[in-house]
Amino acid sequence: MADTETKAVLSGGPADFPERIVPIEPPGPEIKIAWRNGYEHFRASGRHEDTEEGRLPVYEWWERTELPG
């Protein structure tokens with residue numbers, strides 16, 4: 001089984017987001033992922049989901065920030 005402590009399932013956010021299972025280093029209450037001249041922000045939901053990579057925490061999208069320029 002994969003190391004489920006360092007990966008998470010992303011819920012919500014852009015429909016064309018390339019990955020829904022992502023590494024998280026270190027695990028925490030929020031993660032930020034660079035995407036299309038900005039960042040997608042996700043928060044830990046307290047839920048878990050069974051995946052092909054094991055039981056993973058679910059992080060829900062809550063906002064996007066744009067990079068200047």
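What's counted below: heavy atoms across the whole structure, side chains too, no hydrogens, waters or symmetry copies. All values reported here derive from a predicted model rather than from experimental measurement.
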Exercise for review: Given side chain to side chain contact (heavy atoms under 4.5 Å, CB included), test E49 with S11 step by step and report yes or no.
Suggested key: CA-CA 11 Å; E49 186 174 309; S11 176; over 6 Å; no
Check your understanding: Should D16 and R36 count as side-chain neighbours, where that means a heavy-atom distance under 4.5 Å?
Key -> yes
Practice item. Output yes when a side-chain donor or acceptor of S45 lies under 3.5 Å from a complementary backbone atom of Y59, and no otherwise. Key: no
[X] and [Y]: which non-hydrogen atoms are nearest, and at how many Å?
X	Y	result
R64	N37	NH2-C, 3.7 Å
A44	G28	CB-O, 4.3 Å
V58	H48	CG2-C, 3.9 Å

[X] side, atom [atom1]; [Y] side, atom [atom2] - distance, nearest 0.5 Å:
X	Y	atom1	atom2	value
E30	W62	CD	CH2	5.0 Å
T51	K7	OG1	NZ	8.5 Å
H41	I31	NE2	CD1	11.0 Å
E40	E63	CD	CD	9.5 Å

Review point. Between W35 and F17, what is the ring plane arrangement, given parallel below 30°, perpendicular above 60°, and tilted in between?
Key: perpendicular
Review point. Counting only heavy atoms not in E52, do more than 12 fall under 6.0 Å of its CD?
Key: no
Output a table of donor-acceptor pairs, distance under 3.5 Å, between side-chain atoms of residues 18-26 and any protein atom two or more places apart or on a different chain; print 'none' if there are none.
residue : atom : partner : partner atom : Å
R20     : NH1  : G12     : O            : 2.5
R20     : NH2  : G12     : O            : 3.4
R20     : NH2  : P14     : O            : 2.7

Check your understanding: With the 4.5 Å side-chain cut-off for hydrophobic clustering, are I33 and Y39 part of the same group?
Key -> no
